[in-house]
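Proteins get letters first, then strands, A, B, ... in listed order; numbering begins at 1 in each.
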2 protein chains.
Amino acid sequence: MVTNGEHLVAKIFSRGDVFDPDCPTRVVLDRIGDKWTVLSVLLLSKGPLRFTELRDGIGRVAPKVLTQTLRRLQRDGLITREVFAEVPPRVVYTLTPLGESLIGPIRAVSDWAEEHMPAISAAQNSYDLDSA
Amino acid sequence: MVTNGEHLVAKIFSRGDVFDPDCPTRVVLDRIGDKWTVLSVLLLSKGPLRFTELRDGIGRVAPKVLTQTLRRLQRDGLITREVFAEVPPRVVYTLTPLGESLIGPIRAVSDWAEEHMPAISAAQNSYDLDSA
DNA sequence: AGTAGCTGGTTACCAATGGTTACTGTCGGC
DNA sequence: GCCGACAGTAACCATTGGTAACCAGCTACT
């Protein structure tokens with residue numbers, strides 16, 4: 001396994017650099033930017049959940065879109081997807097350790113959003129009034 | 001100014017709750033999800049920048065899209081936009097105190113992205129191999 | 001005098017992503 | 001035999017991101 005590639009000429013990125021347009025870190029930032037990723041991870045931080053539990057916890061999310069979100073999280077190794085061959089079917093989503101390591105940063109962002117939301121709403125209102 | 005609205009029946013949201021679909025916090029999370037918001041704020045965290053400096057710092061972003069991003073950040077009260085009537089024209093973008101308060105949470109996320117990017121890439125590869 | 005170029009955009013147009021509504025398959029209960 | 005629960009898919013729009021071309025105002029070059 002090649003983990004230390006700093007002697008190579010090509011960019012191998014053993015750590016990542018968000019300011020490099022060619023670095024896969026951009027993909028990671030895109031994922032966090034996916035509309036329901038943050039909420040899904042936050043919900044799963046309390047424990048494994050089923051599809052409908054996630055859907056109801058988020059509220060007003062189309063099943064297709066939630067499926068897309070969860071597939072991408074699974075592909076990124078942030079969650080696991082367990083299917084139980086029962087009737088009615090049961091699918092349980094669980095955070096992996098990698099996914100759990102994201103809880104801290106994500107919670108920082110959502111806490112910030114909750115705390116500063118009033119200020120942002122106020123700024124939006126005055127901006128809209130000025131340009132009206 | 002009404003800041004404590006907990007005695008009202010209607011939702012007035014003095015703080016925000018990301019799990020409530022009707023809460024404006026969702027708008028804030030959407031903004032962070034905008035493709036270039038995080039990078040723009042990170043770049044501006046080092047000091048005010050001009051339009052082209054931001055564009056070059058991000059790399060491969062269409063001017064139209066960068067303009068959209070910056071206007072939204074301005075509307076949210078996260079940055080200010082100063083125009084100097086010179087030739088050639090000069091426009092300087094600066095983080096507001098509100099914008100500066102976002103640096104911490106955003107840096108937590110981007111640091112996480114840089115640190116765990118190799119693990120994510122590996123997970124993606126094995127996922128793609130399995131489904132191939 | 002003509003023209004090319006810099007800055008910070010805008011406009012028109014196209015592609016990709018996100019989102020909504022409707023539908024599927026399986027089985028147990030009524 | 002029909003309904004509903006679960007975990008999705010299918011077909012179809014809407015929003016966003018991206019590209020290429022252009023503009024205004026002045027300066028500097030030829």
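- Among residues two or more places apart in sequence or in another chain, the salt bridge (Lys or Arg N to Asp or Glu O under 4.0 Å) test is passed with B/R26 by none.
- Distances shown here put a side-chain N or O of B/R71 below 4.0 Å from the OP1 or OP2 atom of C/dG9.
- Taking B/P63 as the reference, B/F51 meet the side chain to side chain contact (heavy atoms under 4.5 Å, CB included) condition, with sequence neighbours excluded.
- Shown here are the side chain to side chain contact (heavy atoms under 4.5 Å, CB included) partners of A/D34, two or more places apart in sequence or in another chain: A/R31, A/T37, A/R72.
- Between its opening and closing five pairs, the helix from C/dA1-D/dT30 to C/dC30-D/dG1 changes axis direction by 20°, a value rounded to 10 degrees.
- By the 4.5 Å side-chain criterion applied to Ile, Leu, Val, Met, Phe, Trp and Tyr, A/V27 is assigned to no cluster and stands alone.
- Looking at residues two or more places apart in sequence or on another chain, you find a side chain to side chain contact (heavy atoms under 4.5 Å, CB included) between B/V91 and B/R81, B/V83, B/Y93.
- Contacts of residues 37-47 of chain B with DNA chain C (heavy atom under 4.0 Å): none.
- Applying the salt bridge (Lys or Arg N to Asp or Glu O under 4.0 Å) criterion to A/E86, with sequence neighbours excluded, gives A/R90.
- Contacts of A/E100 classified as side chain to side chain contact (heavy atoms under 4.5 Å, CB included), with partners at least two apart in sequence or in another chain: A/L95, A/I103.
- Sorted by first then second residue, the side chain to side chain donor-acceptor pair (under 3.5 Å) pairs that include residues 46-69 of chain B, not counting sequence neighbours, are A/D22-B/R60.
- Protein atom CZ of A/R50 is 13 Å distant from nucleotide atom C1' of D/dG8, rounded to whole Å.
- Among residue pairs with one or both ends in residues 104-126 of chain B, those qualifying as ring-ring contact (aromatic ring centres under 6.0 Å, His included) are B/W112-B/H116; sequence neighbours excluded.
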Please list each protein N or O that sits under 3.5 Å from an N or O in nucleotides 18-25 of chain C, with the distance.
unit_1	atom_1	unit_2	atom_2	d
C/dG18	OP1	A/D34	OD1	3.3
C/dG18	OP2	A/R72	NH1	3.2
C/dG19	OP1	A/K35	NZ	2.8
C/dG19	OP2	A/W36	NE1	3.3
C/dG19	N7	A/K64	NZ	2.9
C/dG19	O6	A/K64	NZ	2.3

